[in-house]
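Data first, discussion second: the structure below is written as structure tokens.
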Amino acid sequence: LDVLPFPDRELVNYQEVINKEEGIAKLLFSRGCIFNCSYCSNAALQLLYNNSYFRLRSPDKAIEEIGGVLSRYKVKRLGFHDDIFTVSREWFYNFLRLYKKNFSYPFSCNVRPGTCTQDMFFLLKDAGCEIVGIGVESGDQRLRVEVLNRQTPDDEIIQTFDFAHRAGLRTTSFNMIGFPCETPESFQKTIDLNAKLMPNQPYLCVFCPHPGTEMERLIKLGNFEIKQDILERAEVAFVSPDFTSEEIKYFFDNFVTLVNKACGINRYTVYLVTKNIKRIYNFLKKTKASIKSKICRT
């Protein structure tokens, strides 16, 4: 990737993009993935190119790209959106050493259970990392291993979140709903596992079968009806007799509440209070903006 130019952010009003993301500039230093999850577009690309097709910018080039962004735009935070920031430990250590030497901006990144040690989380924290996104996908271990091809046992996922929290990092858990063979009972395991993980931000999206993936093949093999013109990650992509669209929508709409409730009365109470404070704050913010607008027009 070092021989290729950096993304041309001047094709759009990139400062406006950053502002809409609350001051976060997003960067991506890798392409592809070394893993082969059945639902992931990276797996389809591996089949297309007949190899793992994973590449990384060198740490020096990654630092150069960050410097270019910071010199042109007003940025509050950085978001490193590589699927797995910890795939190459050599790259990871060299990058953090250079980043800490050159920058002091807080950042976020994504890791996969089993690829990050306790010491690596402490290094992330020391370099300015605030939050890590960690892929859970499903709390049903049988579904996760046999259908999603994610060979990560529950204990390894729990340990990864524990490592992150011990280092003082906030966590986001990435989860999906609506897989083939999934039922309301198996999705309840996703809620239960998240309750054990205690992520700061439980996140859920609706599964969408990407073309060329093993998961798409399974869906077609099962003669499921694939819906067209859906809002990806938010609407049900195919009709399943085991998990209705109404059931999936209920879990999708209420996931954060259900996870916090499963965490126990203390966590649930804090969640409700925080939610109401945010609601009042947003109401007052809109009211203030409306009054200001009327005064300006007057």
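Please read these numbers as outputs of a predicted model, since none were measured by experiment. These values consider heavy atoms only, across backbone and side chains, with no hydrogens, waters or symmetry-generated copies. All residue numbers refer to positions in the sequence shown, counting from 1.
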Do side-chain atoms of Ser186 reach the backbone of Glu182 as a donor and acceptor pair under 3.5 angstrom? no
Co-membership, hydrophobic cluster, residues Tyr250 and Leu204, 4.5 Å side-chain: yes
May I ask you to check whether Asn42 and Asp83 show a side-chain donor-acceptor distance below 3.5 Å? yes
Determine whether Lys20 and Glu16 satisfy the following criterion, salt bridge (Lys or Arg N to Asp or Glu O under 4.0 Å), listing intermediate values before the conclusion. CA-CA 6 Å; Lys20 287 182 179 179; Glu16 187 175 309; 3.5 Å; yes
For Gln141 and Asp154, which heavy atoms make the closest approach, and how far apart are they? OE1-N, 2.9 Å
Quick one: does Asp140's side chain have a donor or acceptor within less than 3.5 Å of a partner on Leu143's backbone? yes
Testing the basics here: between Glu247 and Pro184, what is the closest heavy-atom pair and its distance to 0.1 Å? OE1-CG, 3.5 Å
A quick test of your reading: do over 12 heavy atoms of other residues, nucleotides or ligands sit less than 6.0 Å from CZ of Arg233? no
May I ask you to test the Met176-Val206 pair for a side-chain heavy-atom distance under 4.5 Å? no
Answer yes or no: is there a donor N or O on one side and an acceptor on the other, between the side chain of Lys125 and the main chain of Gly168, under 3.5 Å? yes
Heavy-atom pair of closest approach, residues Ile34 and Gln46: C-NE2, 4.2 Å
A quick test of your reading: do over 12 heavy atoms of other residues, nucleotides or ligands sit less than 6.0 Å from CZ of Arg55? yes
Between the main-chain N or O of Phe122 and the side-chain N or O of Asp126, is there a donor-acceptor pair closer than 3.5 Å? no
Between Glu216 and Thr213, do the side chains contain an N or O donor and an N or O acceptor separated by less than 3.5 Å? no
Same apolar cluster: Tyr73 and Tyr105, side chain cutoff 4.5 Å: yes
Minimum heavy-atom separation for Met120 to Tyr93, with atom names? CG-OH, 3.6 Å
So, does Asp82 use its side chain to make a donor-acceptor pair with the main chain of Ile84 at under 3.5 Å? no
Hydrophobic cluster membership, with links at side-chain heavy-atom distances under 4.5 Å among I/L/V/M/F/W/Y: are Phe54 and Phe92 in one? yes
What's the separation between atom OG1 in Thr152 and atom CD1 in Ile158, rounded to the nearest 0.5 Å? 11.0 Å
Test of understanding: clusters of I, L, V, M, F, W, Y form through side-chain heavy atoms closer than 4.5 Å, transitively. Do Leu258 and Phe252 belong to the same one? yes
Could you tell me the separation between the CZ atom of Arg144 and the CD atom of Glu137, rounded to the nearest 0.5 Å? 9.5 Å
Side-chain donor/acceptor of Glu235 to backbone N/O of Leu231, under 3.5 Å: yes
Can you tell me how far CZ of Arg150 sits from SG of Cys37, rounded to the nearest 0.5 angstrom? 4.5 Å
Does a side chain donor of either Gln151 or Asn149 reach within less than 3.5 Å of an acceptor in the other side chain? yes
For Thr160 and Phe121: C-alpha separation, side-chain torsions, deciding distance, then whether side chain to side chain contact (heavy atoms under 4.5 Å, CB included) applies. CA-CA 9 Å; Thr160 300; Phe121 279 115; 3.8 Å; yes
Spacing of CZ belonging to Arg77 relative to CZ belonging to Phe107, to within rounding of 0.5 Å: 12.5 Å
Donor-acceptor contact present, side-chain Thr190 to main-chain Gly139, <3.5 Å: yes
Give me the ring orientation class for Phe243 and Phe251: parallel if the planes are under 30° apart, tilted from 30 to 60°, perpendicular past 60°. perpendicular
Any donor-acceptor pair under 3.5 Å linking the side chain of Arg170 with the backbone of Val132? no
Surrounding NZ of Lys220 (heavy atoms of other residues, nucleotides or ligands, distance under 6.0 Å), is the total greater than 12? no
When rounded to the nearest 0.5 angstrom, what distance separates CG in Asn260 from CG in Asn254? 12.0 Å
Does Arg9 qualify as a cation-pi partner of Tyr14, given the criterion of NZ or CZ under 6.0 Å from the six-membered ring centre and within 45 degrees of its axis? yes
Is the distance between the ring centroids of Phe95 and Phe85 under 6.0 Å? yes
Does any non-hydrogen side-chain atom of Asn200 lie less than 4.5 Å from one of Thr172? no
Between Asn194 and Pro199 the two heavy atoms that sit nearest each other are O-CD, 3.1 Å
Tell me whether the rings of Tyr99 and Phe80 are parallel (<30°), tilted (30 to 60°) or perpendicular (>60°). perpendicular
Other cluster members, Leu1 - Ile/Leu/Val/Met/Phe/Trp/Tyr, side-chain contacts below 4.5 Å: Val3, Leu4
Closer than 3.5 angstrom, by distance alone: can the side chain of Trp91 be matched with the main-chain N or O of Arg57 as a donor-acceptor pair? yes
Is it true that Arg217 and Glu214 make a salt bridge, defined as a side-chain N closer than 4.0 Å to a carboxylate O? yes
Separation between OG1 of Thr115 and CD of Glu156, rounded to the nearest 0.5 Å: 8.5 Å
Any side-chain donor near an acceptor of the partner, Asp60 and Ser58, under 3.5 Å: no
Begin from the C-alpha positions of Glu22 and Lys76 and carry the test salt bridge (Lys or Arg N to Asp or Glu O under 4.0 Å) through to its verdict. CA-CA 8 Å; Glu22 298 182 343; Lys76 294 180 181 178; over 6 Å; no
Could you pull out the closest heavy-atom pair between Ser138 and Leu148, with the gap in Å? CB-CD1, 4.1 Å
Determine, for Phe35 and Arg112, whether the Lys NZ or Arg CZ falls below 6.0 Å from the six-membered ring centre while staying within 45 degrees of the axis. yes
Testing Arg166, His165, Gln159 one by one against Asp162 for a side-chain hydrogen bond (donor to acceptor under 3.5 Å, both in side chains), which residue passes? Arg166
Considering the options Gln188, Lys189, Lys196, which one meets the side-chain hydrogen bond (donor to acceptor under 3.5 Å, both in side chains) requirement together with Asp192? Gln188
